Structure formats: structure tokens, C-alpha cells
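Before any comments, here is the structure.
Note that ligands are numbered from 1 as they come in the structure, with each ligand's atoms numbered from 1 the same way. Along the sequence shown, residues are numbered consecutively beginning with 1. Keep in mind the model is a prediction, meaning the values are calculated, not measured.
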Amino acid sequence: MPVRATKRGAERTRFASDAAVDVLICGASFAGLAVARELRASGASVLVVDRYDIGERQTSACAAPTEWLVNLALEDSIRQTFGSLLVHTPQRTARWALPWTFSTFDYRTLCRLLWEQCGDAAFETAKVDGRTGNVVHTDRGDVSAGLIVDALGWRRILGAAASFQPPDAPLSRGLEVHPDGRGADLELWLDRRYVGPGYGWSFPARDELRIGVGSFDPRIHVKDPTLTLAADVSADAVRFQGNWIPHRLRPAVEDGVFFVGDSAGHCLPMTAEGIRPALYFGVACGRELRAVLDGRADVAAALRRYAQFSASHRLAFAWMYAAQRSVRRLHGPAMNGLVRLFGRRAVSYWAFRHYLDIAPPSAAFPAPPIEWSVGRLQADKLTTRPARSGYQSPSATEPARR
Ligand SMILES: Cc1cc2nc3c(=O)[nH]c(=O)nc-3n(C[C@H](O)[C@H](O)[C@H](O)COP(=O)(O)OP(=O)(O)OC[C@H]3O[C@@H](n4cnc5c(N)ncnc54)[C@H](O)[C@@H]3O)c2cc1C
């Protein structure tokens, strides 16, 4: 069972009434931590908040392209690496060779490793409730910030528009169980017996299996299919976790706020791969924020550039969405033919190279400058480092912080 480290009771003190930071990053999972990492050693006051402690709540099956994990120096979190996918339909099984590898990883370790690279950013557990202008409201009080990032997941809590409500919103649903067990393959099931519009999976992670079912249709429940799949592979249905998964891009900026990861719909339709895009767009967002902090751009330019960057991926997301919509109709001979076709190395290599290029691992480079550590900022001291108005470059005469 996950250990709860979230601050409770007396520890959950109020923030200072005039709490202010340069950058407030709401959400400390893949997207939020990727943004914070880009801001290390920027000289800015950066506060990351999440309702849970960092790494406390696993949000996915935690499989991502190995090269992304290596390029972000997260390889110590890797549990198992795979060079192919084993894909099942009711009538056939094919092995799809990959031109790159996928790895399953330990969520808690990955988050810790990312956080260790975030320099002197501060972290506080707080539930984010909303925003008025540049003031974010939390259950521990308000925090004002010059730059605000919503990396809070599909609810997009800091958006100006009314929030998404499943099952009417463009969301898929996913549920998985995490029994003890071992496996040699990343396995996928395209089988109407589990779900028509969607797929089932089993991702081994050394001594644990992550077995689940995702439905592209938010009205189709996936608990029974998950139980059936677990039973079919003789695994215990224990340790459930699930969530809604966005499958349409949403504006990456709105009302002066930067949205990253699931909050911007940065999760690839069809595969529901959201970790790599969260890291990719998190890096891109962090670089735009850094340009502001360094005095190389103003806030308006950063918002514009980040919005354009996100929107420039619209076509790729639209293709993936079209593929997602066709799955429901393909079951039977067409699906068998496709699965067999992808069993040919030339086809799978071609397709998966293009797929990786949507958010390529090379985007992790160059890494942001290395932090020269100083003590982490505490919540009750948020006002001791005033936010810089106008976001001028840190003074050239300011001594390097160690
Ligand atoms: C069952 C399942 C399996 C999946 N498997 C994979 C996979 O193997 N590979 C893959 O690439 N993708 C997978 N995904 C998709 C992936 O999990 C998401 O796309 C990814 O987690 C998005 O990252 P994020 O940082 O944007 O959001 P999240 O990971 O959802 O993080 C949001 C953060 O915000 C915090 N938060 C939310 N609301 C509040 C609030 N009000 N106040 C404070 N904090 C708040 C949360 O605690 C969380 O830490 C899976 C999804 C599901 C549901």
C-alpha cells in the first residue's frame, strides 16, 4: 500500500497571507516536475504544490520510451525494458518489433529523481481550488505568482472555462490492477470481449504486473473488463487505480495561465500515452518560463510561443484521434490483418519511428543549467523572497548561488 506522506492536521499550516512567488506550478507529477526542472538555477522563487506528496499517488501503468527516461537522468527508476509489443486479438497473436524500447518504471522513484533535479524549488502539499487573476486559491490559503502553470491533470482546475465533466467530455477511462507477478512481454489485447473502443494491457514491472483496460468511450465502464482480463491471465485483481484520460488537445494557454500535460490534453489519443507528452510539453513550457525569468522574453511572448508550440502538434494528435475512432469498427478480419501487418518489422519500425517523433526524446536536451544548491524555501517564508515584478534578468552582478 502506498504510504501517505501528505501533510495533515497541525502540519497543514496556512501560507503567509501575502505569499508570493515568481512561478507557481500546480501539480507535481510528470508535467509539473518537468516544468520545475527547467527552472532550476534560474534565481527565481519557484513553488510546486500538489494535494499529495511528490510520488505518493501513482497515476498510470508507468511505461514510457526508455530514451526519454535516460535523457532526463531517470534511468534508476526503470524496472523492466521491452523491445517489442505482444498484441492479441481473439484469433491471432503477433509480435510487433519496436525500433526503440519501452520501459516500465517505479513512479515514486521517478518523481524523486525528477524532484532532485529541480534545484531550490519549494514544494508544499495543498489542494488547489481555483484562481482569481494571478492569485491561486488553495486549502492552505492564497498564493500569488507572476507565472502560473496548471499541471493538475484532466480537470484543468485553473482554466477560465467551465471544467470538463465526464462522461460528456472527450475523455477515455482507464482502470488497472497491480498484482505481484512477473512477465517477459508488454502485452496488448484488441478484443471486443474486454472492450470494443479501446484495449487491454499487461505491463510487467519486475515483480509486479500492471493489468488494465482502457475505453475510449467514457460511457463504457471498465471495472468488469479489468477483472475479466486479470482472471484470464491468472492474476489477482488487487491494488486498483484508475483515472480519466483526455484524448483531445485543449488550448495550452488561457487567461495568462500555462497548461501542461493532461490539463492541455497532451495525451496521445489511441495509445493513451501521456507521460512522454507531459514531459515533452513540460520541458517546452519550462523553457518559455525561463526565457521570461532570464529577461529574454516578456510574459505575453512566452504565452504566445508556448501556445503555438502546442498547437503545432495538432495534426499528429488529429491522426491519432482518427485511428482511435476507427478501432471500434475494425474488430474482426480487418483487425487481424492490421495486427499481422504490424508484425512485419519494416511496417512496425516505420510506424513507431513516426510515432516517437511526435514527442522525440532528443527534446530533453540541452538540460537546464545545473543547480548550485541552496536550502529549499519553506511555505512560511514564501514572502522572504519577493517576486520580481517585470521579470527582469537576475542581476549580472548577483553572485552565483551555492
Ligand atoms: C490506468 C491508466 C494507465 C496509464 N498508463 C500509462 C502508461 O503506461 N504510459 C503513459 O505514457 N501514460 C499512461 N497513462 C496516462 C498518464 O497517466 C497521464 O497522461 C499522465 O499521468 C499525465 O501526467 P500529468 O502530469 O499531466 O497529470 P497527472 O499525472 O494526472 O498529475 C496531476 C497531478 O496533479 C495533482 N492534482 C490534481 N488535482 C489537484 C488539486 N485540486 N490540487 C492539488 N493537486 C492536484 C495530482 O495529485 C497529480 O499529482 C495512463 C492513465 C491511466 C488512467
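Using a cut-off of 4.0 Å between Lys/Arg side-chain N and Asp/Glu carboxylate O, R239 and D180 are scored as salt-bridged. Salt-bridge annotation for R328 and D217: present, with a side-chain N of the basic residue lying under 4.0 Å from a carboxylate O of the acidic one.
In this structure, the ring of W100 has its center less than 6.0 angstrom from the ring center of F102. Taking the centre of each ring, H313 and Y280 come in below the 6.0 Å mark. Checked against a 6.0 Å centroid threshold, the rings of F309 and F281 count as neighbours.
Residue nearest to atom 30 (O) of ligand 1, selected from G153, S263, G130, G214: G153 (by heavy-atom distance). When G27, P277, S60 are checked for heavy-atom proximity to atom 50 (C) of ligand 1, S60 turns out nearest. Taking all heavy atoms of L186, N243, I245 into account, the minimum distance to atom 52 (C) of ligand 1 is reached by I245. Taking each of T59, I54, D262 in turn, the one with a heavy atom nearest to atom 22 (C) of ligand 1 proves to be D262. Considering A151, A63, C111 only, the shortest heavy-atom separation from atom 32 (C) of ligand 1 involves A151. Atom 35 (C) of ligand 1 has its nearest heavy-atom neighbour, among V177, D50, L33, in D50.
Rounding to the nearest 0.5 Å places CZ of F105 at 14.0 Å from CD of Q80.
Smallest separation of non-hydrogen atoms from W201 and A61: NE1-CB, 3.9 Å. Pairing each heavy atom of P246 with each of L171, the nearest pair is CA-CD2, 3.6 Å. Considering every non-hydrogen atom in both P368 and R290, the closest pair reads CB-NH1, 4.3 Å.
Against a heavy-atom cut-off of under 4.0 Å, A61 is close to the following atoms of ligand 1: 3 (C), 4 (C), 5 (N), 6 (C), 8 (O). Which parts of ligand 1 touch G261 is read off a 4.0 Å heavy-atom cut-off, strictly below it: atoms 26 (O). Every atom of ligand 1 with a heavy atom of A31 under 4.0 Å away is listed here by number and element: 25 (O), 26 (O). Remark: ligand 1 atoms within the under-4.0 Å shell around heavy atoms of A126 are 42 (N), 43 (C).
At the shortest separation from atom 37 (C) of ligand 1 among protein heavy atoms lies L152 O, 3.2 Å. The protein heavy-atom contact nearest to atom 1 (C) of ligand 1 is G174 C, 3.8 Å. In this structure, atom 12 (N) of ligand 1 lies nearest to the protein heavy atom G274 N, 3.1 Å. Among all protein heavy atoms, the one lying closest to atom 36 (N) of ligand 1 is R51 NE, 3.6 Å. Distance from atom 41 (N) of ligand 1 to its nearest protein heavy atom, with residue and atom name: V128 O, 3.0 Å. Looking only at heavy atoms of the protein, atom 31 (O) of ligand 1 is closest to S29 CB, 3.0 Å.
Relative orientation of the W189 and H88 rings is parallel, given thresholds of 30° and 60° on the angle between their planes.
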Check against side-chain contact (heavy atoms from CB on, under 4.5 Å), L209 and E176: CA-CA 10 Å; L209 295 169; E176 59 184 18; over 6 Å; no
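Residue-to-ligand polar distances keep Y52 apart from ligand 1: every N/O pair is separated by 3.5 Å or more.
Counting heavy atoms under 4.0 Å from ligand 1, residue D129 does not touch it at all. In F30, the parts holding a heavy atom less than 4.0 Å from any atom of ligand 1 are both the side chain and the backbone. Residue C267 touches ligand 1 through its side chain alone, judged by heavy-atom distances below 4.0 Å. Here C26 has no heavy atoms under 4.0 Å from ligand 1, in either its backbone or its side chain.
Residue contacts with ligand 1: A272 is included, with a non-hydrogen atom under 4.0 Å away. Residue contact check for ligand 1: R57 places no non-hydrogen atom closer than 4.0 Å to it. At least one heavy atom of F203 sits under 4.0 Å from some atom of ligand 1.
A cation-pi arrangement is present between R156 and F259, with the terminal nitrogen or guanidinium carbon under 6.0 Å from the aromatic centre and inside a 45° cone about the axis.
One N or O on the side chain of S45 and one on the backbone of D22 form a donor-acceptor pair closer than 3.5 Å.
Atom CZ of R305 sits in a sparse spot, with 12 or fewer heavy atoms from other residues, nucleotides or ligands closer than 6.0 Å.
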